[in-house]
> 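Please read through the structure below; I'll follow up with questions.
All values derive from a computational prediction rather than experimental measurement. A, B, ... follow the sequence lines: proteins, then strands. Residue 1 opens every chain.
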Amino acid sequence: MAVAALFHARFPLIARRTSPSSVSYYCPRTLEFSHRLQSIICFSSSDGDDIVVSEGPNYVKYSDEDLMKQCKFETFRVSGPGGQHRNKRDSAVRLKHLPTGIVAQAVEDRSQHKNRASALNRLRTLLAIKVRNKVDIEAYSPPPELLQILPPKSTIRTSSSGSQIGPNNPKFVPGMQALLDVISASDGSIADSAKLLGLSTGALSRLILSHDGLRMAVNSMRAAKGMKPLK
Amino acid sequence: MIRNFRFTSFLSAAKPLTSFACSSSPARHPPQFTSSASTPLRITPPKTPLFLRTPSHAAPLSEVLKWQDWAKDLASSVKNSSTKSEDSLDSILLLRELKWLTEDSITDDITRRELGGEKSVKLRASLEELYELWRERIVNRRPFQYVVGCEHWRDMVLCVEEGVLIPRPETELIVDLVEEVVRRDDWFRRGVWADLGTGSGAIAIGVGRVLGGCGRVIATDVSPVAVAVAGNNVGRYELQGMIEIREGSWFEPLKELEGKLVGLVSNPPYIPSDDIPGLQAEVGRHEPHLALDGGVDGTDSLFHLCDGASRMLTSGGFFAFETNGDKQSKMIVDYMNSDLKNIFSDVKIVSDFAGIGRFVTGFRL
């Protein structure tokens, strides 16, 4: 890790795709974060930051296989016959989720198979961030996946909610989506959302700031309403 | 693995083959000694890829960084030197390869021990070799996969070396096609599969992993280098109990299995001979033409495989062949529907991820 880190620090061209800040190389936890951030910065949909409002199924909860079936899968290869003619120059893949038009890409791995898996993970995160499901604030009952990511002091948590799931866990993604649905339904108000979730405004802010993608999604939501960003 | 037996047949029993990379791996079926005595013995065992070597070298950190700077400069310098765009090197891709070369050759941790007042780095190759390897990559256009001695393919890392075709990303899909068939009907899981012209053993190992222990895969290759490399890869994935590598041309080593195969897969040479001189330098100058050149229109081996499939597959058996693309795939489908009429069913063309009609699949009636 360390030498690779030094290497990245000296090779900004490669580093740019791997991490946004040189400090993060020495901390695997942060590295994980930066991957998430990267997935949002570099691999977001070409259609911009459009939020999709869905009244249909919750795609984030689909199995890998079912999600893949809804996607158009492409490689980036240059034109030409491919196959035996070419030495593999690029194992990059691009997934387009047809129902929403959201695009996820992955380029950094040596195997196309693994790039496909990373792209699918990214797609899931992007779906969580960009697809808003409608929530009835008046009769709101938080789903279990949201309870799981809330800090233990939340008053709406029960003993069956289990221990808190952190932002590095893949199970954080569906919880994050449900959280964004609540904040969206509360018109970006952290105080109102916090009340619904049995948390103090400060505790909810800390939760939002723990995940770069979540923070950016909340802040763009707030910006659209003319509210100040969370920092 | 098969090589072991051949070696012992030629060498005295008193001389154990300790240098052979996987001499401990047992082969279930000793091969017949059919090849003529005039075949030159290839005693060189498969090469060990960089990432599997022991980190027995060390260098001061500053020297390693100096190598990286040099390598990076060399990679960046290619931008303007090439004229042909289709066949030129790309700095961005080269820098990515350099990152992978670094991962494969330099151990993760810097030793805390000071070496002459400086931190030292453990390496899997000497710095001199690393300079040489990168020079070969850029100046000689040696494929990156031969430089590091491996290719990441599906979820596997396969050893490759000169004399063996580097498995292509397109070919990964053949394993997916097999997986689909096997998932639909468990019958395919229990039978014998064959991968012809296996090269590095990529498809055979991919299929072996899909079958999951019940079935058997027999992989053939006419090249002794490929047989040794494929055997080594099979051993690395501990599949020597279910995958057997046989040396020989196409169906020749499979005579006792006529009409018994439940599956047949192959990525045969399919490039038309006239296209060979114009290939990308990495391919044309370094990869074995035996694995690329498919004759005048590239279909020599494919037609041979079609004929063989009618003989070798049992009723209901599945086949999947890779081709040069739309035109060849159509030729194969037409051939099967006319000359081999009423022998196959559901013969169809399957596209690769670039949308090229890359595979022909079907079933023996």
> What's the shortest heavy-atom distance between B:Y270 and A:G83, and which atoms?
OH-CA, 3.4 Å
> Compare all side-chain heavy atoms of A:R110 with those of B:V148 and state whether any distance is below 4.5 angstrom.
yes
> Would you give the length of the straight line joining atom CD1 of B:I276 to atom NE2 of A:H85, rounded to the nearest 0.5 angstrom?
8.0 Å
> At a heavy-atom separation under 4.5 Å, does B:A291 approach chain A through its side chain, its backbone, both, or neither?
backbone
> Of the options B:M156, B:H152, B:E151, which is the one that meets A:S111 in a side-chain contact (heavy atoms from CB on, under 4.5 Å)?
B:H152
> Quick check for you: among B:I166, B:T171, B:D326, B:N267, which has the greatest number of heavy-atom pairs under 4.5 Å with chain A?
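Heavy-atom pairs under 4.5 Å are most numerous for B:N267.
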> I need the minimum non-hydrogen distance between B:L165 and A:Q84, along with the two atoms involved.
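Taking every non-hydrogen atom into account, CD2-CG, 4.4 Å.
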> When rounded to the nearest 0.5 angstrom, what is the spacing between CD in A:Q112 and CZ in B:R154?
10.5 Å
> Is a side-chain N or O of B:R168 found less than 3.5 angstrom from the main chain of A:R86, in a donor-acceptor match?
yes
> Using distance alone, with no hydrogens and no angle criterion, decide if A:N87 and B:E287 have a side-chain donor and acceptor under 3.5 Å apart.
no
